[in-house]
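In what follows, every heavy atom counts, from backbone to side chain, and hydrogens, waters and symmetry copies are set aside. Here is the naming used below: chain letters follow the sequence lines, and residue numbers restart at 1 for every chain.
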Amino acid sequence: MSFDTLGLNPALVKAVADAGYTAATEVQTRSIPLALTGADLMVSASTGSGKTASFILPALERVLAARGDNAKRREKGVIYGPRVLVLTPTRELAMQIAKAAGIYGRHVPGLRVATVVGGVPYPAQIAALRGPLDILISTPGRLLDHLQTGKAVLENVEVLVLDEADRMLDMGFIDDITTIADHVPATRQTVMYSATFAGHVGRLAQNLLRDPQRVDVASHTDTHENIEQRLHWADNANHKNALLDHLLTEREMEQALVFTSTQRDADWLADRLADMGHAVASLHGGMPQGRRNRVLQGLRSRQLKVLVATDVAARGIDVPTISHVINYGLPMKAEDYVHRIGRTGRAGRNGLAVTLAERMDAGMIRRIQQFTTQSIPAKTIVGLEPKSPEPKMFPPRAEGRFDDRRPGGGRPSFGKAPGRGFASKPFATRDGAAPARDARSPFDRAPAGRSEGFAKAPRKAFGDKGGFKAPRARSDGYGR
DNA sequence: AAAAAAC
């Protein structure tokens with residue numbers, strides 16, 4: 001559906017068109033008209049579904065509608081605080097949403113958007129909170145800090161948006177969110193986004209929302225239709241490294257996001273890859289915020305080809321040129337796998353999500369397959385086949401939608417064109433391991449001409465790699 | 001046993 005039928009101000013429709021979007025996504029089509037009525041909303045939408053615009057556009061609509069009030073508000077010399085407050089779990093997400101607000105709000109005269117997140121100096125934030133403000137995007141901790149010191153005023157908030165509510169609860173923000181919500185007028189509109197509304201999130205919704213409308217666009221069992229998933233079994237860390245290097249030097253590799261399980265592994269792996277000549281940096285919560293910002297900027301500007309990150313990057317990061325997501329270390333929760341792979345295949349592009357697993361990871365692989373009710377097809381790369389037999393995997397329990405969607409059995413493998421699925425062998429048994437070089441996939445082309453180990457030719461490296469320490473667990477001395 | 005987030 002087109003944006004101009006959603007009831008949005010032409011200034012917003014124009015900004016959306018300027019940004020290159022023609023059609024609204026499902027979550028936008030369904031939630032924007034509801035949001036414009038002022039109703040409370042519970043929205044479950046998968047990552048990359050255009051979620052941010054679905055709450056930023058109605059927020060901007062409200063800002064536009066209130067333009068007349070602003071002169072009055074500014075005159076009085078009183079701190080009014082924002083009209084719209086958005087809470088997000090991570091700092092990067094907050095800044096990304098702020099950027100989107102700037103883009104969609106470019107034709108909104110005098111729009112003021114501010115972010116309040118941890119890890120950055122206070123004075124600029126305090127100044128921003130004091131000035132006239134339309135939209136405030138914040139992580140809970142720092143905002144609560146400002147509330148306690150009286151620097152943040154939320155008594156004129158009209159719209160409260162909770163993005164990634166399930167994640168914020170996972171991170172222990174329940175009390176912070178409740179306290180912040182207590183500072184916001186009860187007459188507000190509240191919009192809550194979450195992958196699920198079961199358990200704690202549902203209870204929080206009950207406490208914060210009034211007669212909410214529900215918009216269910218996607219569940220975790222839905223396929224990312226434009227993301228091809230693959231599994232490579234590796235004998236050991238050495239083998240995993242060789243597979244990784246192969247993937248990173250594929251011709252189709254535009255930019256890769258490589259996930260590790262720990263901060264230490266992220267630094268370590270980025271350091272090794274830099275030594276190999278990759279334009280790489282790491283990203284994790286243990287890094288100073290300034291450097292986190294620079295790294296993300298390096299990824300966006302495409303100075304970086306490879307980003308090695310912890311799950312801080314699992315949600316929200318929206319960089320359309322990420323062609324590969326590689327799970328070098330598995331996530332701790334199956335749910336996080338779904339968020340990780342959603343970092344590729346964005347803005348209508350195709351993406352490849354490759355999981356490198358050792359035998360000890362078989363349990364997690366099984367849980368992921370169970371969670372998504374899909375199996376991840378196991379593949380091999382010529383010259384890099386695992387020497388030990390693959391773990392025996394059992395098919396995930398097929399639930400309703402799984403069968404409903406593909407009556408013939410099997411899942412689409414890449415894109416939507418017929419005949420691309422692996423219809424006859426939907427499960428990753430040893431027999432089901434398909435040849436790696438499958439010419440039907442855009443990611444499968446002729447071998448790069450190298451069968452093992454890392455590339456030796458030095459290429460351009462990115463950023464510093466200070467503070468690197470080899471992890472004790474890695475005594476196998478791969479590579480060199 | 002991880003990561004994230006306030007100082």
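- Residue A/T310 places at least one side-chain N or O under 4.0 Å from the OP1 or OP2 atom of B/dA4.
- A/D318 pairs in a salt bridge (Lys or Arg N to Asp or Glu O under 4.0 Å) with only one of the listed residues (A/R346, A/R300, A/R343, A/K51), which is A/R346.
- Here the C1' atom of nucleotide B/dA4 and the CG atom of A/D166 are 13 Å apart, to the nearest Å.
- Distances shown here put every side-chain N or O of A/R167 at or beyond 4.0 Å from the OP1 or OP2 atom of B/dA3.
- Taking atom CG on A/D311 and atom P on B/dA1, their separation rounds to 18 Å, with Å as the unit.
- Contacts of A/Y122 with the nucleic acid, taken as non-hydrogen atoms under 4.0 Å apart, involve only primed sugar atoms and P, OP1 or OP2.
- In this structure, A/K333 places its NZ atom 16 Å from P of B/dA2, rounding to the nearest Å.
- When the C1' atom of B/dA6 is taken as reference, atom CD1 of A/I177 falls 15 Å away, rounded to whole Å.
- Between A/E335 atom CD and B/dA2 atom C1' the separation is 15 Å, expressed in whole Å.
- At the heavy-atom level, A/G119 lies under 4.0 Å from the strands shown only through sugar-phosphate atoms.
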**OP:** Start with the C-alpha gap between A/Y193 and A/F55, add the side-chain angles, then the distance that decides, and say whether ring-ring contact (aromatic ring centres under 6.0 Å, His included) holds.
**Re:** CA-CA 9 Å; A/Y193 288 80; A/F55 63 79; 5.3 Å; yes
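- A/S138 places none of its side-chain heavy atoms less than 4.5 Å from the side chain of A/V117.
- Across the protein-nucleic acid pair, A/Q125 atom CD and B/dA6 atom P stand 9 Å apart, rounded to whole Å.
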Subject >> Full working for side-chain contact (heavy atoms from CB on, under 4.5 Å) between A/R30 and A/V217 >> reply: CA-CA 9 Å; A/R30 291 180 53 195; A/V217 173; 4.1 Å; yes
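- Proximity of A/T321 to A/R349: side-chain heavy atoms (C-beta onward) are separated by under 4.5 Å at one or more points.
- Counting to the nearest Å, the P atom of B/dA2 and the CZ atom of A/F259 are 18 Å from each other.
- The distance from atom CD of A/Q289 to atom C1' of B/dA6 is 12 Å, rounded to the nearest whole Å.
- Not one side-chain nitrogen or oxygen of A/R91 sits closer than 4.0 Å to the OP1 or OP2 atom of B/dA3.
- Here A/T139 reaches the OP1 or OP2 of B/dA6: one of its side-chain N or O atoms lies under 4.0 Å away.
- Taking every side-chain heavy atom of A/D145 into account, B/dA6 is the closest of B/dA5, B/dA2, B/dA6.
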